[in-house]
Amino acid sequence: MRNSKKTCGGARAALIAAGIVLTGTLVLSGCTNEPDPPTYRDELQSSATTLREQLEQVDGLADVSQTISSYELTIEFAIDDPARAEAATLEALELIDASGVREVVSNEAAANDIEAAFALGIAQVGSNEAGPRLRLPISSEMDASTIARGVATWTDMGEIDGIELGSSSLASTGFTMRYTVGYEGLLAGVRPTAVTPQLIQILTANGYDPAASTITPSISAPEAVNSVGGEEKYVQGTRLARADMPMKAAAGPDWGSVLYFIPSTDVVDMYLLPALAPDGALLPLDLTADSVVSARAQIQADHFRDAWSLRDVTVFTEQGTDVFGANG
């Protein structure tokens, strides 16, 4: 509860001077309650709440949130309509300017001899990971049109099938960014060597010099799944820790990671992901039919329960997949 102070007018002093006895009722009737001025946190909370509500009404924005840490404010949202990415971002920036929230933070920071910081955090719709992917400073060094163009460009890049954009940042000349081709993308034949040229084409079309950007690809997959193209479910009783070691030893130095696909209770498939070359190409693994048979037998004997059966061993390659079946 906010404290308040009582202020009594000159009438009370005059009555006392005249020797008139004041009752408690009369004393209070001559006073007014004045609330203490709002605190920094009060002002910030009020303006930030109003701003969030306004941003939630902008066509093309989704998942609006705010992160406030001392004198740093990040406005976070996703773009759910790529066609409106630039226009929606411009509208959001106008609302931020009009809200006064930056002034509240800046004034308090200045009073404490601290520099305030403001940023936009843009998330990818449908991302499996929480938090913003693209971070854009809101400052005098980057105007609204530059920020909006950057958001639109990054949104276009996120529309490429089979990839998920990772943590990225934008300078006025280009991006520093990461992206990942996931399990389903790999199964569909998506490869970084085809994705990176598409990203470069989008950068060029939006007026960026690709040479001023840094693009880092990766491939990844969860440890174990029992569905493809649907919701992943928890796989019980897998006991797969270190089960890949015999296969890893046979695969050689360009081993990346492994995924276990468990379509039914006692059947297990292995998907092997290699490391990437500097250009994003999937490096070949040193596996042969004989080395896979040997590794399979060791896995079956030392790492799997008796009821389990290691069925197919599938290796993702630059050209597609190599499958080593249980029957050779």
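These figures come from a predicted structure and were not determined experimentally.
Here L273 contributes atom CG and I219 contributes atom CD1; the two are 4.5 Å apart, rounded to the nearest 0.5 Å. The CD1 atom of I138 lies 6.0 Å from the CZ atom of R102; values are rounded to the nearest 0.5 Å. Atom CG of L203 and atom CE of M177 lie 7.0 Å apart (nearest 0.5 Å). Considering CG of L272 and CG of L287, their distance stands at 6.5 Å, rounded to 0.5 Å. Between atom CD of residue E115 and atom CD of residue E72 there is a gap of 10.0 Å, rounded to the nearest 0.5 Å. Atom-to-atom distance recorded for I160:CD1 and T196:OG1 is 8.5 Å, nearest 0.5 angstrom.
Side chain of D143 to backbone of T146: a donor-acceptor contact under 3.5 angstrom is found. A donor-acceptor pair under 3.5 Å is formed between the side chain of R133 and the backbone N or O of L165. Judged by distance alone, with hydrogens and angles left aside, the side-chain atoms of S99 form a donor-acceptor pair with the main-chain N or O of V101 at under 3.5 Å. Using modelled atom types, one side-chain atom of Y260 and one backbone atom of D244 make a donor-acceptor pair closer than 3.5 Å. When atom types are taken as modelled, the side chain of D81 and the backbone of A83 share a donor-acceptor pair closer than 3.5 angstrom. A donor-acceptor pair under 3.5 Å is formed between the side chain of E318 and the backbone N or O of L282. A donor-acceptor contact shorter than 3.5 Å links the side chain of S47 to the backbone of L44. Looking at R296, its side chain does come within 3.5 Å of a backbone N or O of L310 through a donor-acceptor pair. For R149 (side chain) and N206 (main-chain N/O), a donor-acceptor pair under 3.5 Å exists by modelled atom type. Y179 places no side-chain N or O within donor-acceptor distance of the main-chain N or O of G158, the cut-off being under 3.5 Å.
The minimum heavy-atom distance linking I299 with M270 is given by the pair CD1-SD, 3.9 Å. The two residues L90 and A148 make their nearest non-hydrogen contact at CG-CB, 3.6 Å. Pairing each heavy atom of V181 with each of V190, the nearest pair is CG1-O, 3.6 Å. When all heavy atoms are compared, the tightest approach of R242 to P246 is O-CD, 4.2 Å. Between D63 and A78, the shortest heavy-atom distance links the atoms OD2-CB, 4.1 Å.
Side-chain atoms of T180 and S218 form a donor-acceptor pair, as typed in the model, at a separation below 3.5 Å. At a cut-off of 3.5 Å, with distance as the only test, a side-chain donor of T49 or Q45 sits close to an acceptor on the other residue.
Legend: residues meeting side chain to side chain contact (heavy atoms under 4.5 Å, CB included) with A116, ordered by chain and number and at least two apart, are V105, S106, A109, F118. Residues forming a salt bridge (Lys or Arg N to Asp or Glu O under 4.0 Å) with D279 (at least two apart in sequence, or on another chain): none. Listed by chain and residue number, D290, S291 satisfy the side chain to side chain contact (heavy atoms under 4.5 Å, CB included) test with T288 (two or more places apart in sequence, or in another chain). Contacts of P284 classified as side chain to side chain contact (heavy atoms under 4.5 Å, CB included), with partners at least two apart in sequence or in another chain: none. With sequence neighbours left out, the ring pair (Phe, Tyr, Trp, His ring centres under 6.0 Å) criterion links Y271 to Y183, F316.
Between T153 and I202 there is a side-chain heavy-atom pair separated by less than 4.5 Å. Within the 4.5 Å cutoff, side-chain heavy atoms of M247 are placed close to those of V313. D266 places none of its side-chain heavy atoms less than 4.5 Å from the side chain of S309.
Of the options L170, T74, T89, L134, a side chain to side chain contact (heavy atoms under 4.5 Å, CB included) to L120 is made by T89 and by none of the others.
Residue-environment remark: CG (D209) exceeds the threshold of 12 foreign heavy atoms within 6.0 Å.
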List the atom pairs, donor and acceptor, that lie under 3.5 Å between side-chain atoms in residues 52-62 and the rest of the protein, sequence neighbours left out.
none

